[in-house]
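Keep in mind that the numbers below use all heavy atoms, side chains included, and drop hydrogens, waters and symmetry copies.
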2 protein chains.
Amino acid sequence: MLSIGEFSRLTHLTVRTLRRYHDAGLLEPAVVDDVTGYRWYSVDQVPTAQVIHRLRELDVPLADVRAILRTPDPGARGRLVAGHLQRLEAELDRTRAAVASLRRLLRPDPAPVAVELRAEPARTVAAVSAVVDQDDVAAWFAGAVAELVAAVGGAATGPLGGTYDDALFEQGRGRALVYLPTPVPPRAGRVQPVTLPAAELAVTTHVGDHDTADVTYGGLGTWVVGNAMAVDGPVRERYLVGPEDSPDPAAWRTEIGWPVFRVG
Amino acid sequence: MLSIGEFSRLTHLTVRTLRRYHDAGLLEPAVVDDVTGYRWYSVDQVPTAQVIHRLRELDVPLADVRAILRTPDPGARGRLVAGHLQRLEAELDRTRAAVASLRRLLRPDPAPVAVELRAEPARTVAAVSAVVDQDDVAAWFAGAVAELVAAVGGAATGPLGGTYDDALFEQGRGRALVYLPTPVPPRAGRVQPVTLPAAELAVTTHVGDHDTADVTYGGLGTWVVGNAMAVDGPVRERYLVGPEDSPDPAAWRTEIGWPVFRVG
DNA sequence: CTGGACCCTCCCCCCGGGGGAGGGTCGATG
DNA sequence: CATCGACCCTCCCCCGGGGGGAGGGTCCAG
């Protein structure tokens, strides 16, 4: 039996942290003296403590650590951990994108975004639409695109596009729609004909990873406000060059259009 | 002038977050109506908001973001940001090490650490020693080693070693000492002759990156407790294969010795 | 038996926000 | 001119994963 201090020295976890893990049901001491409240740990608990330590270094929440520890089957446990490793990799990607974007932002005098005003006529397209959470939008998007491509096939007359409610960005949940223009929009599964209304669009093209699009969005916003206009209606995007066209995010090109109207 | 809601839409920062940045002195609205308290932002503030957004994505603390924004000189600002990017890279390394270590830990039935009991005689060596913070120990170590190598040169009769007070791990601050064994320890700058006392050591060898050493430490602890012994005195390490010998962390070998005595 | 090291619980603090209450302000409409 | 809904304000409490410290009990070696 080891006192909490001795156990702390063996595991490099602070005494405080060990007490917290006890309270959280993560690492119960082998014995708790019910008179003095002293915690006594067994040597066998050292490896468990080390697993916890590692998982915490990876910012795995305590609740998830608990779930992992309570999964006895090594295979299932491995899958749980693999999920977190995947999350970490996604985070690394995000970090890299943020670094790249930051470097561009900090360049003195960034080139202002080139914006064009364009009157867009109403168009009927093949579309998949749903109300989604911001976190799920990437997965939803992938599925919707696959279904669209299967339904429209080679009959597409233009690049893939999408529209997104403001609420998706502001409340984290809103309507998203992806479409392919085609002469006779089919009806298959979630794919429906949808008529995009006519609109006057302030249009610009974002080059690069989609994670850095908000810089372009901001430039567009600056232009819109600077030209005494305001925005009404969901944002429209068209994916001129995307992941399926080029593996290099730097080559991606996304056309972004905001429906605007003149004010003042 | 943009209301906080409009500004929020342009920057993809929530209204709440903008108010917080105002309170924190990070992003003052261009105008605050002193009757109604309404915040009004200028279009020019959009780029600033985006820089903040990027920095926050990199988990730069608000105080540091403020410091960066208040540094007008682009060069100095670039250096500040570079510091954070360096921190990020270090963190990535740490993450990778944790992932690797975790994989090993989760392998069923990890090989127990091979421990040897060894009586170490007292030895006088050339050493550099200081009380340091855990966060600074890496930088201090590098400088001390450089000074040692310069003073001892080719006269070293064994690998580089170090000793570390328990307090360094427990309180985050304690005495660290690095040494090179040599027949006639010189006295130069911070380099002094120091006599390491005789001790009985429980010795094992850690293979791999030093960040994963606590697993080996834990194994050593298990062995010590399991053999009815206890630890007294600073931990000793000897760097048999280190970064200067091999670029591959997997090849590094560190001998870890705990001064022990028999109990019970 | 006494001192110091060790252990206990409890409360408040940190960061970077989110949720929601309760109330004031704005501008388009009737 | 009133009214209504959208917008904005402040204030307080919540989260996770701990750290700092107060105030008090326990253990063991000298």
Output yes when at least one side-chain N/O atom of Thr17(A) is less than 4.0 Å from OP1 or OP2 of dG17(D), else no.
no
d(CE, Met1(A); C1', dC7(C)) in whole Å
17 Å
Nucleotide nearest Arg56(A) (side chain, heavy atoms from C-beta), chosen from dC9(D), dG17(D), dG20(C):
dG17(D)
Looking only at side-chain N and O atoms, does Arg39(B) come under 4.0 Å of OP1 or OP2 in dC8(D)?
no
Mind checking the CG-CG spacing from Leu177(B) to Asp165(B)? Nearest 0.5 Å is all I need.
10.0 Å
Arg19(B) and Ile4(B), any side-chain heavy atoms less than 4.5 Å apart:
yes
Separation of atom CG in Leu55(B) from atom P in dG17(C), rounded to whole Å
12 Å
From the options dG17(C), dG25(D), dG19(D), select the nucleotide whose nearest atom is closest to the side chain of Thr14(A).
dG19(D)
Whole angstroms only, please: what is the CG-C1' distance between Leu26(B) and dC15(C)?
13 Å
By nearest nucleotide on DNA chain C, pick out whichever of Asp59(B) and Tyr38(B) is the more 5' one.
Asp59(B)
Value in whole Å for how far the P atom of dC7(D) lies from CG of Asp33(B):
19 Å
Is there a side-chain contact between Ser42(B) and Met1(B), using heavy atoms and a 4.5 Å cut-off?
yes
Measure from the side-chain heavy atoms of Leu62(B) and tell me the nearest of dG16(C), dC6(C), dG18(D).
dG16(C)
On DNA chain C, more 5' by nearest nucleotide between Ala63(B) and Val35(B) is Ala63(B)
Nearest to the side chain of Arg20(A), heavy atoms from C-beta on, is which of dG20(C), dG25(D), dG17(D)?
dG17(D)
Answer whether the closest heavy-atom distance between the side chains of Thr163(A) and Glu237(A) falls below 4.5 Å.
no
Length of the CZ-C1' vector between Phe261(B) and dA29(D), whole Å
13 Å
Parallel, tilted or perpendicular: which fits the ring planes of His210(A) and His206(A), with parallel below 30° and perpendicular above 60°?
perpendicular
Taking the side chain of Ile4(B) as its heavy atoms from C-beta onward, which of dG18(D), dC9(D), dC6(C) lies nearest to it?
dC9(D)
What is the distance, to the nearest angstrom, from the CD1 atom on Ile52(A) to the P atom on dG17(D)?
12 Å
Does Tyr21(B) place a side-chain N or O at less than 4.0 Å from the phosphate oxygens OP1/OP2 of dG17(C)?
yes
For a 4.5 angstrom cut-off between non-hydrogen side-chain atoms, does His22(A) reach Val32(A)?
yes
Can you tell me the distance, in whole Å, between the CD atom of Glu57(B) and the P atom of dG16(C)?
15 Å
How many whole angstroms separate atom CG of Asp34(A) from atom C1' of dT9(C)?
16 Å
Between dC11(D), dT26(D), dT25(C), which nucleotide gets closest to the side-chain atoms of Thr36(A)?
dT26(D)
Using a cut-off of 4.0 Å on non-hydrogen atoms, how would the nucleic acid contact of Arg19(A) be classed: base, sugar-phosphate, or nothing?
base
Could you tell me whether the phosphate oxygens of dG19(C), OP1 or OP2, come under 4.0 Å of any side-chain nitrogen or oxygen in Arg16(B)?
no
